Amino acid sequence: MIKPDAVERGLVGEIISRFEDKGMNLEKIRKLTIDEGLASRLYAEHVEMPFYAELVQFISSGPVIAMEWSGESAISVCRTLMGATDPKEAAPGTIRGDYGIVVTNNLVHGSDSPESAARELEIFFG
């Protein structure tokens, strides 16, 4: 998913190109604004965390681009392309390393397992 900060900054094309350049295949794409109900489903595992309200506020602050990617080792490849969650720790050449500023607004989200991917794709695409 391309988060609101990246959409606002006009980085959608650049981010999609990085995945395509790596050989990933874009299967589905959808632009939407996440409401509180959808955000609560997306971040259900973080509901007890002190940063939960900030997550919900940020992810619902503007449009996102939800995507489904396929390809060899798609989850690990995409997560490597995204870089470390904290942009200050993300390697140059990664999306967050090149464009990220702060950890709370870190441009992209990627599923960390096949189970997370299935749950998140259901949320976004039914």
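Reckoned from all heavy atoms, side chains included, excluding hydrogens, waters and symmetry mates. This structure is a prediction, so every number in the text was calculated from the model and none was measured.
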Straight-line distance of Thr94 OG1 to Arg79 CZ, nearest 0.5 Å: 12.5 Å
Basic-acidic side-chain contact under 4.0 Å: Arg41, Asp35: no
Point-to-point distance, once rounded to the nearest 0.5 Å, from CG of Asn106 to OG1 of Thr85: 6.0 Å
Side-chain heavy atoms of Asp98 within contact of Arg96, under 4.5 Å: no
Residue pairs passing the ring-ring contact (aromatic ring centres under 6.0 Å, His included) test where at least one lies in residues 105-126, sequence neighbours excluded: none
Linked hydrophobic residues, Ile65 as query - side chain contacts closer than 4.5 Å: Ile2, Val7, Leu11, Val12, Ile15, Ile16, Phe19, Met24, Leu26, Ile29, Met67, Trp69, Val77, Leu81, Met82, Ile95, Tyr99, Leu107, Val108
Within 6.0 angstrom of Glu20 CD, more than 12 heavy atoms from elsewhere: yes
Any side-chain heavy-atom pair of Pro114 and Ile75 under 4.5 Å: yes
Atom CD of Glu27: over 12 foreign heavy atoms under 6.0 Å: yes
Option passing side-chain contact (heavy atoms from CB on, under 4.5 Å) with Leu38 (candidates Leu32, Val56, Ile59): Leu32
Heavy-atom closest contact (Ala117 atom, Ser111 atom, distance): CA-OG, 3.3 Å
Heavy-atom check, side chain of Asp112 versus side chain of Glu120, under 4.5 Å: no
Donor-acceptor side-chain pairing of Asn105 and Lys3 below 3.5 angstrom: no
Hphob cluster co-occupancy, Ile101 + Leu55, side-chain heavy atoms under 4.5 angstrom: no
Gap separating the OG atom of Ser60 from the CD1 atom of Ile34, nearest 0.5 angstrom: 8.0 Å
Heavy-atom check, side chain of Pro4 versus side chain of Val64, under 4.5 Å: yes
Qualifying ring-ring contact (aromatic ring centres under 6.0 Å, His included) pairs, either residue in residues 20-65, two or more places apart: His46-Phe51
Under-4.0 Å salt bridge between Arg18 and Glu14: yes
Worked check of side chain to side chain donor-acceptor pair (under 3.5 Å) between Ser17 and Asp21: CA-CA 6 Å; Ser17 290; Asp21 290 348; 5.4 Å; no
Point-to-point distance, once rounded to the nearest 0.5 Å, from OG of Ser116 to CD of Glu45: 6.5 Å
